[in-house]
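When a ligand or atom number is given, it counts from 1 through the structure's own listing order. Quick caveat: nothing in here was measured; it's all calculated off a predicted structure.
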Amino acid sequence: MSQKNDGSGLYIYVPMILTAAFLLGCLAISLVEVREGAIELSSHAAVSQSELSPKDLRKKSAVKENGGLKYRMVSRSDADSVQTAAEVTQSVQETANDVSSEPEQTVSSEDTVDSVAESVSTTVETAAPVTEPVSSTEDTKPVLKLPNEHYINFTPPKEGYVAYLTFDDGPSSNTEEILDILDYYNVKATFFVIYHKDMADKYKAIADRGHTIALHTYTHDYSKVYRSEDAFFNEINRIGNYVYSVTGVRSRIIRFPGGSSNTVSNHYCRDIMQTLKVSVPKKGYVYHDWNVDTGDAAANNLATEKILENVKKSLTKYRKPDILMHDSGATKGTTVEALPELIEYIYSQGYKMERLELDSYAVHHDW
Ligand code: ZN
């Protein structure tokens with residue numbers, strides 16, 4: 001049976017169409033409102049980012065957004081007249097130029113390795129921290145301005161006071177985060193690496209982002225590393241060649257597993273450390289121990305407070321502290337957590353932080 005079309009459908013369809021049009025209009029208006037709300041929300045987010053606490057600095061998004069922008073030193077009274085990013089970038093470049101024209105820092109003769117002509121990590125430019133003059137008055141303290149309106153206490157580096165942050169045993173799942181934190185603070189560090197499978201990009205990132213990549217043997221296995229003098233140099237050659245193959249950097253800087261004063265090696269070859277301490281420099285390498293121990297090797301995820309306490313109790317005993325840390329993934333997560341505060345403490349104590357170079361001062365345990 002066919003339905004009869006008598007035109008009465010109009011009475012039904014016309015109101016329906018009008019109602020639908022009205023509803024669509026309402027929907028469009030509410031969508032605009034939602035969008036505006038989102039914009040406002042994101043601007044709120046921007047404001048709250050500027051109030052980041054030091055612990056928030058570990059958030060990668062905040063760090064990465066500001067990866068290229070470093071810091072400048074201002075007095076608190078200048079803090080409100082902060083420059084634009086472009087101005088800061090220009091001042092970074094100007095200061096870098098000034099620094100590059102200055103004579104190199106002299107080191108005492110016993111710390112200089114004359115026999116080694118090859119330099120380490122030459123592909124990387126040294127980005128000097130920006131320490132613009134402080135327009136200080138009696139009641140202003142110097143501060144460093146970091147991205148996101150983050151100010152930290154700062155003591156202008158005293159002549160000859162240099163701290164070296166060193167990370168052993170990496171790379172690891174922590175490497176990227178460590179690099180982000182170092183970038184944020186405009187700090188260059190040193191990574192004593194061993195071989196890890198499927199991490200070529202991390203070795204490369206360490207070198208590409210301006211840090212020193214140094215050698216800590218291939219296996220880190222004492223029974224192999226310290227079996228004989230030849231075995232040791234075989235380990236060093238293997239990791240050295242691997243690092244070169246993935247980074248293009250030929251490193252001549254070494255840290256012995258366990259340090260030069262370790263006694264465990266005697267189990268595998270009696271007095272081998274005495275032999276190696278002589279043969280390492282003869283073969284054109286320099287080795288570095290440490291004089292400040294974060295203690296992060298003593299336990300898995302040592303409390304951040306303890307790590308900081310360990311540094312604070314010994315850092316200022318030295319003009320050139322070499323600070324031992326570990327880049328070892330999940331078991332050393334607290335090392336990464338402590339790093340921002342640790343760096344801020346070092347800045348507050350009048351040290352600059354540099355990566356190790358071939359002619360850097362070398363801490364040796366047998367002083
Ligand atoms: Zn180690």
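None of the N, O or S atoms belonging to Asp168 lies under 2.8 Å away from the Zn ion (ligand 1). Within the 2.8 Å limit, His216 places at least one N, O or S atom next to the Zn ion (ligand 1).
With 3.5 Å as the limit, one finds a donor-acceptor pair spanning the side chains of Thr294 and Asp296. A side-chain N or O of Thr219 and one of Glu235 form a donor-acceptor pair less than 3.5 Å apart. Side-chain N/O atoms of Tyr161 and Gln349 include no donor and acceptor closer than 3.5 Å.
To the nearest 0.5 Å, atoms CD1 (Ile194) and CZ (Arg255) are separated by 13.5 Å.
Around the Zn ion (ligand 1), the angle linking Asp169 (OD1) with His220 (NE2) is 100°, rounded to 10 degrees.
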